[in-house]
There are 2 protein chains.
Amino acid sequence: MQLEQIKYPAQESVALTEPFFHMAFSVDCVIFGFDGNELKILLIKRGEEPFGGYWALPGNLIYLNENIHDGAARVLRELTGLQNVYLEQVETFGTVNRHPLGRVITTAYYSLVKIADCPVFAQSHAEEVSWFPISKVSDLAFDHLEILKACMQKLKKIVRGRPVGFELLPPKFTLSELQRLYEAILEYPMDKRNFRKKILSMNILVELEQYQEGVAHRPARLYKFDEEKYKRFVEEGFSFAV
Amino acid sequence: MQLEQIKYPAQESVALTEPFFHMAFSVDCVIFGFDGNELKILLIKRGEEPFGGYWALPGNLIYLNENIHDGAARVLRELTGLQNVYLEQVETFGTVNRHPLGRVITTAYYSLVKIADCPVFAQSHAEEVSWFPISKVSDLAFDHLEILKACMQKLKKIVRGRPVGFELLPPKFTLSELQRLYEAILEYPMDKRNFRKKILSMNILVELEQYQEGVAHRPARLYKFDEEKYKRFVEEGFSFAV
DNA sequence: TCAAAAGTGTTCTTATTACACCCATGG
DNA sequence: CCATGGGTGTAATAAGAACACTTTTGA
């Protein structure tokens with residue numbers, strides 16, 4: 001193997017085997033939102049080749065001198081305007097031919113956001129940005145459909161291990177909205193009484209003295225999350241320790 | 001941004017932004033074993049700079065024309081002689097300065113193996129290969145200690161969601177050995193009766209008409225795994241669906 | 001006969017499931 | 001007055017946790 005010195009930002013020089021150094025690294029962001037009924041996903045329409053005109057996950061190559069996690073946040077911001085979202089790594093996809101132009105390995109990140117609070121706008125190589133119901137997403141650029149599916153599996157796992165909703169619902173919501181969110185994520189119906197019993201027993205909800213208005217049925221009581229307790233729950237997960 | 005054509009194996013040509021293409025990608029393997037008492041980890045002593053003489057996870061750069069999963073299997077084989085192990089991806093580590101010679105992003109894989117069945121021998125840039133009790137591992141090359149910790153967390157999660165043991169124990173084992181394995185992974189003691197009740201209720205064990213020999217106490221009955229049922233359990237995990 | 005680990009059941013508590021009717025509102 | 005979704009409790013079952021003594025062997 002042949003060694004060579006190459007110029008490298010942030011470090012003086014490197015002596016690494018040249019043939020390894022013709023690859024790129026990207027991140028792709030799977031941003032889930034909820035509109036009160038359906039689970040949605042944020043996609044961009046690509047304005048560049050390859051896959052120009054295709055819908056895709058917001059993603060791009062990262063810089064040599066940025067951490068991949070920071071890169072994910074930057075790429076998401078540059079393409080969609082979304083910022084200050086909590087991104088969590090899911091999985092790295094590295095089959096040889098996943099990118100038609102060269103060897104590009106990508107790491108998927110996911111996040112949950114409130115659609116209403118997150119105005120998005122297309123920038124950079126994104127020609128459009130839009131929310132799509134996950135049930136209607138079928139064709140995506142690259143291997144992005146596979147990535148999306150992996151992230152949905154991850155989301156399903158997460159929702160079983162800790163409460164979800166703070167990131168996806170408006171500040172005040174009804175228990176039925178929360179239940180619809182769980183049903184949208186887990187893709188099966190739940191019993192109303194059992195769901196309420198369980199979610200209330202977690203002690204992460206605060207009952208408000210406010211009700212829905214203008215609905216053609218008995219108005220539902222509004223709740224909010226007890227932010228402190230919610231966060232503790234998320235951090236610790238359900239404790240399985242003895 | 002400046003575009004250029006670079007030579008690329010397996011594809012004709014690429015037009016990708018040059019500054020992105022000075023990085024490398026590696027894999028690191030976290031191989032867990034069990035000796036009947038302690039959880040152990042397979043390490044190599046590096047024979048090359050950087051971190052020459054340090055103990056490290058078996059890891060190396062991957063080739064441009066190999067899938068990362070295949071790369072993990074190859075690297076593990078080349079360094080330690082271990083092959084045909086089931087590798088599962090855990091997490092990708094991509095802070096800028098994690099490798100002193102340049103930008104190297106790495107993906108960690110883990111596996112579980114029977115130490116006795118897996119003769120290992122140092123090759124390539126591994127000067128030595130050896131099993132270490134996880135409790136005694138403290139200094140490792142690069143950020144490998146962080147990677148090891150992440151994989152241990154993953155292993156703890158896994159053991160709560162599906163049975164573990166087939167990959168780590170000899171073909172015939174006692175229930176106490178199995179319990180010691182669980183305790184070694186989860187790092188807390190378990191009640192003998194409750195453990196037995198639970199593991200037997202999974203129906204993945206076959207009671208043998210054989211007993212321990214030559215022990216200075218009442219000899220324990222031997223069990224083996226019902227391979228079919230075990231595999232089904234692993235694949236499906238614990239089903240939480242309604 | 002002693003030390004060491006094997007083996008074994010019951011009780012209590014908690015979590016999970018299944019299930020049906022009345023209530024408040026807008027149209 | 002009707003359609004719509006809101007709101008409520010109980011009983012049965014299953015899972016999890018706590019807990020102590022007898023058995024078998026080799027030394």
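All chains are named by letter (A, B, ...) in the order of the sequence lines, taking the proteins before the strands, and each is independently numbered beginning at 1. Note that this is a predicted model, so its numbers are computed, not measured.
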Undergrad: Can you check the A:Phe195 CZ to D:dG5 P distance for me, whole Å?
TA: 17 Å

Undergrad: Rounded to the nearest 0.5 Å, how far does OG1 of B:Thr95 lie from CD1 of B:Ile105?
TA: 9.0 Å

Undergrad: If I take atom CG in residue B:Asp191 and atom C1' in nucleotide D:dA20, what distance separates them, rounded to the nearest angstrom?
TA: 11 Å

Undergrad: For B:Ala150, does its backbone N or O pair with a side-chain atom of B:Gln153 as donor and acceptor, under 3.5 Å?
TA: no

Undergrad: Would you compute the distance between atom CG of B:Leu57 and atom CD1 of B:Ile44 and round it to the nearest 0.5 angstrom?
TA: 8.5 Å

Undergrad: Which nucleotide wins on minimum distance to the side chain of B:Arg196, given the candidates D:dC19, C:dT16, C:dA6?
TA: C:dA6

Undergrad: Using a 4.0 Å cut-off on heavy atoms, which residues in residues 170-179 of chain B reach DNA chain C? List them by number, or say none.
TA: B:Ser176

Undergrad: Would you call A:Leu205 and A:Lys224 a side-chain contact if the rule is heavy atoms closer than 4.5 Å?
TA: no

Undergrad: According to a strict under-4.0 Å criterion, is B:Arg193 in side-chain N/O contact with OP1 or OP2 of D:dA18?
TA: no

Undergrad: May I ask you to verify whether the side chain of B:Lys197 and the base of C:dT8 hold a donor-acceptor pair under 3.5 Å?
TA: no

Undergrad: Assert yes or no for the condition that the ring centre distance of A:His69 to A:Tyr109 is strictly below 6.0 Å.
TA: yes

Undergrad: Measuring only between side-chain heavy atoms, which start at C-beta, is B:Leu87 closer than 4.5 Å to B:Ile31?
TA: yes

Undergrad: For A:Asn37 and D:dG5, what is the distance between atoms CG and C1' respectively, to the nearest whole Å?
TA: 13 Å

Undergrad: Output yes when A:Lys231 and A:Glu227 qualify as a salt bridge under the 4.0 Å nitrogen-oxygen rule, no when they do not.
TA: yes

Undergrad: Measure from CD1 on A:Ile199 to C1' on C:dA15 and round the result to the nearest Å.
TA: 15 Å

Undergrad: Is there a donor and acceptor pair closer than 3.5 Å between the side chain of A:Lys192 and the base of D:dG7?
TA: yes

Undergrad: Got a donor-acceptor contact below 3.5 angstrom from the A:Thr80 side chain to the A:Arg77 backbone?
TA: no

Undergrad: Can you check whether A:Lys192's main-chain N or O pairs, donor with acceptor, with A:Lys197's side chain at less than 3.5 Å?
TA: no

Undergrad: Starting at CG of A:Asn194 and ending at C1' of C:dA20, how long is that distance when rounded to a whole Å?
TA: 13 Å

Undergrad: Can you list, in residue-number order, the parts of residues 209-222 of chain B that come under 4.0 Å of DNA chain D, counting heavy atoms only?
TA: B:Val215, B:Ala216, B:His217, B:Arg218, B:Pro219

Undergrad: Which whole-number value in Å describes the distance from B:Lys198 NZ to C:dG7 P?
TA: 21 Å

Undergrad: Between P on D:dA15 and CE on B:Met190, what's the gap in Å once rounded to a whole number?
TA: 18 Å

